[in-house]
Amino acid sequence: MIYKIYEQDADTLLEQPETGMGYQIVRATQYNRSSFKKLVVYNTRLAIDLDDDYNVNRNKIIREGYKVMLSKATELMLETDSIKVIPHSDLKESVELSGVKKILFKRHTGTSGATDSRKENASGNENFVRLSAFEDDRRIDVANKKLKPGSFTTTEVDYRDCFSSNDDPVDRYALPNNDNIEWAFYIRPKLNDQLQRGIVQPAFNHAGGGIEAYFENGTSNNTYFLKKKYGI
Amino acid sequence: MEYKDRLKLSKKYVEYLSEHPENGMGYQIVNIELINGDFLKNRIVFNSEYLELNSQLEIKISDIKKLVIKS
């Protein structure tokens with residue numbers, strides 16, 4: 001559901017830090033009730049239950065606009081003393097909140113990484129994206145415009161989910177270096193190119209949950225077509 | 001790019017690593033034999049060229065006898 005936070009509770013939230021840019025993840029008890037709610041609250045007033053319908057409701061807000069949704073939303077009153085804003089750093093550490101992360105950042109569950117999965121042929125019209133801290137990423141064969149054998153990418157869809165939800169790519173793709181991801185290299189494999197697709201498993205104290213694709217034999221010539229700055 | 005906590009590998013290792021599979025997007029796990037006989041296991045190399053060092057490990061390129069991808 002979508003709610004309008006009761007004004008005095010919004011004042012309480014204003015005194016607390018954000019979880020991420022423009023939002024707070026809040027754990028609180030509803031007024032006169034005993035069970036906890038987990039909410040994503042935007043601008044201290046507009047809140048969405050952090051449950052399986054979160055993305056549907058978030059898209060409603062994007063379509064209709066913050067002001068319109070705020071005017072239509074049901075008012076929600078919280079027990080003031082129970083209000084707790086979850087900092088971003090806690091999202092990584094808490095088992096309870098790892099589920100929150102999955103919903104909030106559109107992460108995936110599953111125990112098979114790419115190299116555990118069966119091989120499939122590329123469709124010829126799906127884009128994959130290799131993310132890198134390095135502009136001269138060495139898995140990109142620039143001369144032949146292809147991905148070198150034994151290389152990982154993610155899908156373009158998962159990449160867009162990552163930056164549109166303001167997720168952390170280092171955590172999503174469980175990378176061992178904390179360098180900022182600066183570059184996105186776009187690849188469209190051809191029909192005879194094979195890949196294995198899976199879910200990034202936790203590693204290096206990161207949660208994973210992104211989609212990864214592994215190209216054991218790389219891709220054909222002229223499949224690498226674009227380099228852009230991350231998030232653009 | 002300069003990193004204090006990483007060792008830039010020489011061309012022969014970069015070329016070797018560039019032709020071998022990754023373990024994940026942007027990194028490879030390697031085993032290293034040093035000239036003094038020590039072995040460094042499960043070390044991470046980024047972009048086939050930067051060996052991650054830690055506070056206990058300070059080596060130079062000339063200390064490396066052999067570097068292989070972990071099988």
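Residue numbers start from 1 in every chain, and the chains themselves are labelled A, B, ... in the order their sequence lines are given, proteins ahead of strands.
A:Asn59 is linked by a side chain to side chain donor-acceptor pair (under 3.5 Å) to nothing, counting only residues two or more places apart in sequence or in another chain. With sequence neighbours left out, the side chain to side chain donor-acceptor pair (under 3.5 Å) criterion links B:Glu15 to no other residue.
When A:Arg130, A:Arg139, A:Lys148 are compared by the number of non-hydrogen pairs under 4.5 Å with chain B, A:Arg139 comes out ahead. Listed options A:Ser151, A:Ser132, A:Pro149 were ranked by heavy-atom pairs under 4.5 angstrom with chain B; first place goes to A:Ser151.
Note that CD1 of A:Ile140 and OG of B:Ser18 are 12.0 Å apart. Values are rounded to the nearest 0.5 Å. One distance of note links CD of B:Gln28 with CZ of A:Arg138; it measures 11.0 Å at 0.5 Å rounding.
Residue contact with chain B, scored on non-hydrogen atoms closer than 4.5 Å, involves the backbone of A:Ala174 exclusively. For A:Phe215, no part lies near chain B; criterion is any non-hydrogen pair under 4.5 Å. Both the backbone and the side chain of A:Asp136 come within contact range of chain B, with heavy atoms under 4.5 Å apart.
No more than 12 heavy atoms of other residues, nucleotides or ligands sit less than 6.0 Å from atom NZ of B:Lys41. By the 6.0 Å contact criterion, NZ on A:Lys227 is enclosed, its count of non-hydrogen atoms from other residues, nucleotides or ligands being greater than 12.
Note: B:Phe46 and A:Phe134 fail the aromatic proximity criterion, with ring centroids not under 6.0 Å apart. In this structure, the ring of B:Tyr27 has its center less than 6.0 angstrom from the ring center of A:Phe204.
For the residue pair A:Val129 and B:Met25, the shortest heavy atom distance occurs at O-SD, 4.3 Å.
Using a 4.5 Å cut-off on side-chain heavy atoms (C-beta onward), B:Ile44 and A:Asn177 make no contact.
Between the side chain of A:Asp137 and the backbone N or O of B:Asn47, no donor-acceptor pair lies under 3.5 Å.
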